[in-house]
Amino acid sequence: MNWLSDLNTIETSFAPILEQWYSVHKRDLPWRHTRDPYRIWLSEVILQQTRVAQGKPYYERFVDAYATVADLAQADERELLRLWQGLGYYSRARNLHQTARYVTLQLEGKFPDTYQDLLKMKGIGSYTAAAIASFAFGERVPVVDGNVYRVLARVFGIEEDITTTTAKKTFAALANRLIQSADDPATYNQAIMEFGAIHCTPVAPDCLLCPLQQGCVAYLTGRQHQLPVKAKKAPVRERFFTYLIFRSKGKLALRERKAKDVWQNLHDFYLLETEDHQDALQDLLLPEAALNLVQQGVMAGLPVESVQLLSHQRIRAKFYLIDLPDEPTGSLPTDLHWFTIDEINDLPKPVLITNYLENLFG
DNA sequence: AAGCCGGGGTC
DNA sequence: GACCCAGGCTT
């Protein structure tokens with residue numbers, strides 16, 4: 001079997017296999033007993049970024065307190081928020097209230113019944129719109145939630161970072177193709193999410209008993225634990241730079257940054273990096289060669305401080321300008337060289353350095 | 001495109 | 001302690 005026909009086979013059998021699996025393994029959940037768009041909407045909003053086990057009691061309480069969208073529309077917002085207490089993401093509750101009032105007052109109680117119209121409601125994004133459109137109205141639109149990303153990334157071996165916009169398009173397009181082969185869009189959407197939630201789980205997917213095993217790229221290549229790829233947002237690293245700017249005969253000492261670090265191949269001054277705000281000069285952290293120079297010089301004015309924000313680092317820099325005699329004794333610390341102001345103008349430098357120089361010389 | 005919003009379960 | 005959860009809104 002060649003590549004293309006193989007891919008077509010898995011794409012067309014994917015939905016039916018999951019629907020079959022679902023008919024055997026589905027959990028009995030309260031919102032699966034209704035096609036009332038109001039209740040489905042309520043359940044979907046409650047379940048946004050929320051586990052079924054956590055959301056379920058809230059759903060029961062909300063249905064008891066507000067049986068219809070009109071009841072919810074008339075609710076006191078403080079009372080609604082009190083019912084929501086403990087669920088988190090409280091804007092969901094406020095949007096819920098706002099949309100309930102809109103549906104009741106502007107749409108005369110008639111819930112929007114297409115994906116496109118649902119998308120216009122506050123608090124209803126692409127996932128929730130697809131969920132309501134398919135569950136309540138049978139529209140053939142795919143849900144794409146965290147479960148779907150995981151299942152599709154594994155079965156189809158997609159290595160794109162799911163946090164990026166292009167990857168979201170890739171997954172949405174694939175999901176659109178797959179749902180075309182579903183016997184019933186609503187059942188299929190429930191099935192793929194249920195499958196991700198209880199079988200193709202993040203940590204210990206049950207590959208040995210998986211109905212998609214023979215068509216799963218991740219399983220066949222042993223990558224189920226690497227997929228989906230999801231970039232972790234790097235915490236901004238805090239760094240503390242102390243720069244010593246040696247000046248002699250109108251020249252400044254700079255060096256090219258060679259290390260595998262920020263600003264590679266750009267030029268800056270003699271640098272001491274410390275772990276925190278400690279003052280590198282006062283704490284006598286100076287290596288021999290630099291200490292020798294500092295002792296021959298005089299501090300020109302007060303140190304200048306500035307902050308440079310990078311995507312992943314916050315660099316707090318402190319600049320000491322040190323005037324040396326015309327012919328300082330000893331050699332310059334490693335890699336430092338004397339440059340005239342004109343020469344420095346032509347050197348590539350980090351913005352942090354350029355700003356300092358402009359501040360210094362206008 | 002990135003930051004923000006949250007409480008809770010799980011390993 | 002990190003990751004994730006039936007995401008969406010704002011900037």
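In what follows, chains carry the letters A, B, and so on, assigned in the order in which the sequence lines appear, proteins first and then strands, with residues in each chain numbered from 1.
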5′-ward residue of the pair P202(A)/I124(A) relative to DNA chain C =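 Mapping each residue to its closest nucleotide by heavy atoms, the 5'-most match is P202(A).
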Inset, instruction - Please work out which of the three classes, parallel, tilted or perpendicular, describes the rings of F339(A) and H337(A), given edges at 30° and 60°. - result: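 Aromatic pair H337(A)/F339(A) classed perpendicular.
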For dG6(B) versus dC3(C), give the span between their C1' atoms, rounded off to a whole number of Å.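 Roughly 15 Å separates the two C1' atoms.
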*When the P atoms of dG3(B) and dA6(C) are considered, how many whole Å apart are they?*
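Looking at atom P only, dG3(B) and dA6(C) are 24 Å apart.
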**Q.** N-O pairing of K230(A) and D161(A) below 4.0 Å
**A.**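 Here K230(A) does not pair with D161(A) in a salt bridge, since their nearest N and O are not under 4.0 Å apart.
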- prompt: Thinking salt bridges, do D64(A) and R61(A) make one under a 4.0 Å N-O criterion?
  reply: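 Here D64(A) does not pair with R61(A) in a salt bridge, since their nearest N and O are not under 4.0 Å apart.
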Nearest-angstrom distance from the residue atom [atom1] of [X] to [atom2] of [N]:
X: I162(A); N: dA2(B); atom1: CD1; atom2: P; result: 14 Å
X: L47(A); N: dG8(B); atom1: CG; atom2: C1'; result: 14 Å
X: R92(A); N: dG7(C); atom1: CZ; atom2: C1'; result: 9 Å
X: D161(A); N: dA2(B); atom1: CG; atom2: C1'; result: 13 Å

Assign [X] to base, sugar-phosphate, or nothing according to its heavy-atom contacts below 4.0 angstrom with the strands shown.
X: W31(A); value: base
X: R150(A); value: sugar-phosphate
X: I46(A); value: nothing

Checklist entry - F269(A), V351(A): one ILVMFWY side-chain cluster at the under-4.5 Å cut-off? => result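 No, F269(A) does not connect to V351(A) through the hydrophobic network.
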Margin query: Counting only side-chain nitrogens and oxygens, does Q49(A) get under 4.0 Å of the OP1 or OP2 atom of dG7(C)?
Written below: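 It does, given that an N or O in the side chain of Q49(A) lies less than 4.0 Å from OP1 or OP2 of dG7(C).
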* Report yes if some heavy atom in the side chain of L244(A) is under 4.5 Å from a heavy atom in the side chain of V294(A); otherwise report no. =>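 Result yes, sub-4.5 Å side-chain heavy-atom pair found.
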Polar atom pairs (N or O), protein with nucleotides 9-11 of chain B, under 3.5 Å:
none

